[in-house]
Structures are given as C-alpha cells and as structure tokens.
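The structure under discussion appears below in the form of structure tokens.
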Amino acid sequence: MQNYRGEKELAHFFSHCHNHPDKPIEIYMFVDPLCPECWALEPIIKKLQIEYGRLFSLKYIVSGKLATLNMTKKQRPEKLAHTWEKTGKRTGMSCDGKVWFNSPISTPYAASLAIKSAELQGKRAGARYLRKLQELLFIESVNVSSENVLINIAKNVQLDAEEFKKDLHSSCSAKALQCDLKITSEMDVHEIPTLAFFNQNVDEEGIKISGYYPYEVYVDVLREMLGAIPKPSQTPPLEAFIQYYKFVASSEIAAVYNLSIQEVEKEMKKLLLCKRVERIQAKHGTFWRFLDERSDK
C-alpha cells in the first residue's frame with residue numbers, strides 16, 4: 001500500500017475522474033435506486049472510475065418506473081425480501097430485506113424524482129445523493145419514499161435543502177425524470193442495471209451491457225470502443241480512497257485493490273487502530289466510515 005501524506009494529496013489522486021478534458025467515452029448507467037443489483041455494481045463502478053475515469057464520463061439514467069413500479073405492484077414482500085437478501089449475501093453489498101415488511105416502499109417514484117431533483121444542483125450532487133439514498137435503504141432499511149427522509153438526505157450530502165425541496169415539487173424534476181424514462185424506452189433497456197458505452201463518433205452504435213458482469217467485461221468494452229489497450233491509472237493509497245468516498249464496503253475495497261475480504265480486514269484494522277475509520281457491521285458484509293478528526297489532534 002502507498003503512503004498517504006494527507007488532504008493536500010487527495011484532489012490529485014482523484015483529479016482524473018472528474019477534471020480530465022475531452023473524455024472519449026460516455027457511459028450511460030441505467031439505474032433504479034431501489035434495485036439491489038444496481039447497489040451490488042458499486043464496487044465495479046468505483047474500480048472503473050479509479051482506473052479508467054480519465055477516459056469516460058458517467059451519466060446516470062434513472063429508470064425506476066420500468067423496473068420498480070411494476071415490480072412492487074406484482075411481487076409479494078416475501079419474494080422481494082428474498083431477492084434482496086440473496087444479493088447481499090452474494091456480493092457483500094448488504095441488502096436488508098426487512099424493509100419490505102417493516103416499512104415498505106409505497107411510492108418508489110418519489111426516490112427517482114428525488115435523484116433528478118438533486119441533479120439540478122449538479123451531476124456530482126446527484127451521484128452523492130443516489131449513493132446516500134442507497135446506503136439508507138439497503139443497509140439501514142429506511143423508507144426512502146418519505147419526503148422528510150428525502151430532504152434529510154439532501155442536507156446530509158450538503159445540497160441546498162430549500163432548493164431541493166422546491167425542486168422535488170417542480171416541473172423541471174418531473175420533466176428530467178420523464179426524459180430519462182424516454183431514453184430508457186428508446187434504447188430498448190429492459191434490465192436494470194444496464195451500462196451503454198458510446199464513443200465520439202456519432203455514426204457508430206454504442207455497446208450495451210445488461211445485468212451484472214465481472215469487472216473485466218467492462219474493461220474489454222472500453223478497449224473495444226477505444227481501439228487500444230489503455231493503461232490503468234494508479235490506485236490511490238487506501239486511506240485516501242476512504243477519505244474521498246467517506247463510507248465504503250469491504251467488498252468495494254476488495255474490488256478496487258484486488259484483495260480478499262480477509263486482507264481488507266487486516267489493512268482496515270491498521271486504520272481502525274489509528275482512529276481514522278470506524279467499522280459499521282451490516283447484515284451482510286462490513287462497511288467503513290472515514291473519521292475526519294485525527295487521533296493526535
């Protein structure tokens with residue numbers, strides 16, 4: 001593991017993910033905020049962004065209406081809970097199915113609308129909002145169809161909460177969501193998650209991958225689109241990774257650093273002893289929260 005000399009280096013390690021000009025590839029990621037497979041894909045997305053983020057921009061397309069609205073009307077809570085638990089056990093990205101018994105999502109449309117409302121404050125704001133919503137839903141079993149919960153998420157990820165509250169009931173958010181649903185329909189996306197890769201040549205068709213696949217599959221598509229074999233960017237020191245993302249799963253660390261869960265545990269114990277992180281034990285898997293205050297202060 002690399003040494004990490006503090007916050008001054010943090011922007012440097014992740015600058016290629018956001019600030020690199022003229023990225024040749026655009027990836028549309030079709031997501032449903034209530035879909036456990038989208039949540040399970042997070043380790044792969046993080047690894048892809050860190051290693052090849054200089055080469056692509058990522059655009060979230062919210063497709064909750066297709067997958068979730070129909071699903072929750074037709075499926076029994078027992079079946080939904082079983083699917084969540086199975087995904088959590090398989091991937092280490094914990095999904096607690098008890099939400100479907102204790103506090104079922106009555107209006108899944110609300111979560112999708114909230115993400116588009118957050119995006120009105122910027123693309124990265126929308127991404128932060130989606131991640132926090134998923135954490136509350138899948139790890140803590142919080143009902144994310146509640147307006148109070150949705151507003152509190154906006155505050156938690158440092159959005160303008162008053163602006164977000166207005167946007168939640170505005171035509172702009174509703175139109176943005178309808179636009180996403182139209183794109184989903186036009187691109188014939190029937191499975192969530194789906195990643196669609198496009199290059200700068202508008203005459204060439206994109207490549208669409210539906211479902212959950214090993215990391216190498218997505219890298220192979222990038223290579224095919226670029227017509228070359230790109231060299232992965234350097235992986236940041238582990239502490240920088242935790243500080244940047246604030247809250248990550250052991251399975252995300254394992255994916256990014258090519259470690260086993262046992263090796264992750266060993267590395268994280270060092271940061272735990274230095275009081276740089278705290279451990280959050282979820283129903284399926286372990287999560288780590290970065291602590292801002294150094295123990296020697």
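Since we're looking at a predicted model, the values are computed, not measured.
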Do Ile151 and Glu147 touch side chain to side chain, with heavy atoms closer than 4.5 Å?
-> yes
Supply the atom-to-atom distance Ile153 CD1 to Ser146 OG, rounded to the nearest 0.5 angstrom.
-> 9.0 Å
Worked check of side chain to side chain contact (heavy atoms under 4.5 Å, CB included) between Ile242 and Ile253 | CA-CA 9 Å; Ile242 307 292; Ile253 299 169; 3.8 Å; yes
Gap between atom OG1 of Thr184 and atom CD1 of Ile192 - 0.5 Å precision | 6.0 Å
Hydrophobic cluster membership, Leu58 vs Ile115, 4.5 Å side-chain cutoff | yes
In Å, rounded to the nearest 0.5 Å, how long is the span from CD1 of Ile50 to CD of Gln234?
-> 11.5 Å
Does the side chain to side chain contact (heavy atoms under 4.5 Å, CB included) test come out yes or no for Met268 and Leu272, once each step is laid out?
-> CA-CA 6 Å; Met268 292 307 294; Leu272 197 60; 5.9 Å; no
Taking only Lys NZ, Arg NE, NH1 and NH2, and the carboxylate oxygens of Asp or Glu, determine whether Glu135 and Arg131 approach each other closer than 4.0 Å.
-> yes
Side-chain donor/acceptor of Ser173 to backbone N/O of Asp167, under 3.5 Å = yes
Might you point out which heavy atoms bring Ala40 and Thr91 nearest each other, and give the distance in Å?
-> CB-CG2, 3.7 Å
Test ring-ring contact (aromatic ring centres under 6.0 Å, His included) applied to Phe30 and Tyr60, step by step | CA-CA 6 Å; Phe30 294 84; Tyr60 288 100; over 10 Å; no
Under a single-linkage definition using a 4.5 Å side-chain heavy-atom cutoff for Ile, Leu, Val, Met, Phe, Trp and Tyr, are Tyr129 and Tyr109 assigned to the same hydrophobic cluster?
-> yes
Determine, using the 4.5 Å side-chain heavy-atom cutoff (strictly less than), whether Val217 and Leu55 are members of one ILVMFWY cluster.
-> yes
Within-4.5 Å side-chain heavy-atom neighbours: Val248 and Phe287 = no
Below 4.0 angstrom, N of the basic side chain to O of the carboxylate: do Arg276 and Glu239 qualify?
-> yes
Asn143 side chain to Ser145 side chain, donor-acceptor N/O pair below 3.5 angstrom | yes
Nearest heavy-atom pair of Met225 and Asn199: which atoms, and what distance?
-> CE-N, 3.3 Å
Please determine if Glu37 and Arg90 form a salt bridge, counting it only when a charged side-chain N lies under 4.0 Å from a carboxylate O.
-> yes
Using atom types as modelled and distance alone, determine if a side-chain donor or acceptor of Lys208 lies under 3.5 Å from a backbone N or O of Met187.
-> yes
Working to the nearest 0.5 Å, report the span between CG of Leu80 and CG of Leu34.
-> 10.0 Å
For residues Glu263 and Glu267, determine if any side-chain heavy atom of one lies less than 4.5 Å from a side-chain heavy atom of the other.
-> no
Heavy-atom pair with the smallest gap, counting every atom of Leu181 and Ser63 = CD2-CA, 4.0 Å
Side chains of Leu48 and Leu222 in contact at under 4.5 Å (non-hydrogen atoms) | yes
Do Phe247 and Phe290 have ring centroids that are under 6.0 Å from one another?
-> no
If Ile, Leu, Val, Met, Phe, Trp and Tyr residues are connected whenever their side-chain heavy atoms lie under 4.5 Å apart, and connections chain through other members, are Leu120 and Leu130 in the same group?
-> no
Check: Phe197 ring centre within less than 6.0 Å of Phe56 ring centre | no
Determine, for Glu26 against Lys23, whether the closest basic-nitrogen to carboxylate-oxygen distance falls under 4.0 angstrom.
-> no
Please work out which of the three classes, parallel, tilted or perpendicular, describes the rings of Phe241 and Tyr257, given edges at 30° and 60°.
-> perpendicular
Phe101-Val144 co-clustered via ILVMFWY side chain contacts under 4.5 Å | no
Any donor-acceptor pair under 3.5 Å linking the side chain of Thr107 with the backbone of Ala110?
-> no
Okay, side chain of Asn156, backbone of Asn152: is any donor-acceptor separation there less than 3.5 Å?
-> no
Determine whether more than 12 heavy atoms belonging to other residues, nucleotides or ligands lie under 6.0 Å from atom CD of Glu78.
-> yes
Establish, from distance only, whether the side-chain atoms of Thr286 and Gln281 form a donor-acceptor pair under 3.5 Å.
-> yes
Decide, yes or no, whether a salt bridge links Glu252 with Lys246 under the criterion of side-chain N to carboxylate O below 4.0 Å.
-> no
Output yes when Lys123 and Glu119 qualify as a salt bridge under the 4.0 Å nitrogen-oxygen rule, no when they do not.
-> no
Which atoms form the tightest heavy-atom contact between Gln121 and Asp160, and what is the distance?
-> OE1-N, 2.9 Å
So do the side chains of Leu195 and Ile207 get within less than 4.5 Å of each other, counting heavy atoms only?
-> no
From CA spacing to verdict: side chain to side chain contact (heavy atoms under 4.5 Å, CB included), Ile25, Ile27 | CA-CA 7 Å; Ile25 303 294; Ile27 300 176; 4.2 Å; yes
Would you call the rings of Trp84 and Trp100 parallel, tilted or perpendicular if under 30° counts as parallel and over 60° as perpendicular?
-> perpendicular
Salt bridge or not for Glu162 and Lys165, using N-O below 4.0 Å?
-> no
Less than 4.5 Å apart, any side-chain heavy atom of His190 and any of Ser210?
-> no
Stepwise side chain to side chain contact (heavy atoms under 4.5 Å, CB included) test for Arg128 and Leu159 | CA-CA 10 Å; Arg128 291 199 310 274; Leu159 299 189; 3.7 Å; yes
Can you measure from CD (Gln262) to OG (Ser250) and round to the nearest 0.5 angstrom?
-> 10.0 Å
State, yes or no, whether a side-chain contact exists between Met93 and Gln134 at a heavy-atom distance under 4.5 Å.
-> no
For the student: nearest non-hydrogen atoms of Val99 and Val142, plus distance | CG2-O, 4.3 Å
Given Tyr245 and Glu42, is the side chain to side chain donor-acceptor pair (under 3.5 Å) satisfied, shown in steps?
-> CA-CA 12 Å; Tyr245 287 108; Glu42 281 284 285; over 6 Å; no
The reported gap from SG in Cys95 to CH2 in Trp39 (rounded to nearest 0.5 angstrom) is 8.0 Å
Looking only at heavy atoms, the pair that brings Val256 and Pro43 closest together is CG2-O, 4.5 Å
Heavy atoms, side chains only, cut-off 4.5 Å: are Val62 and Lys116 in contact?
-> yes
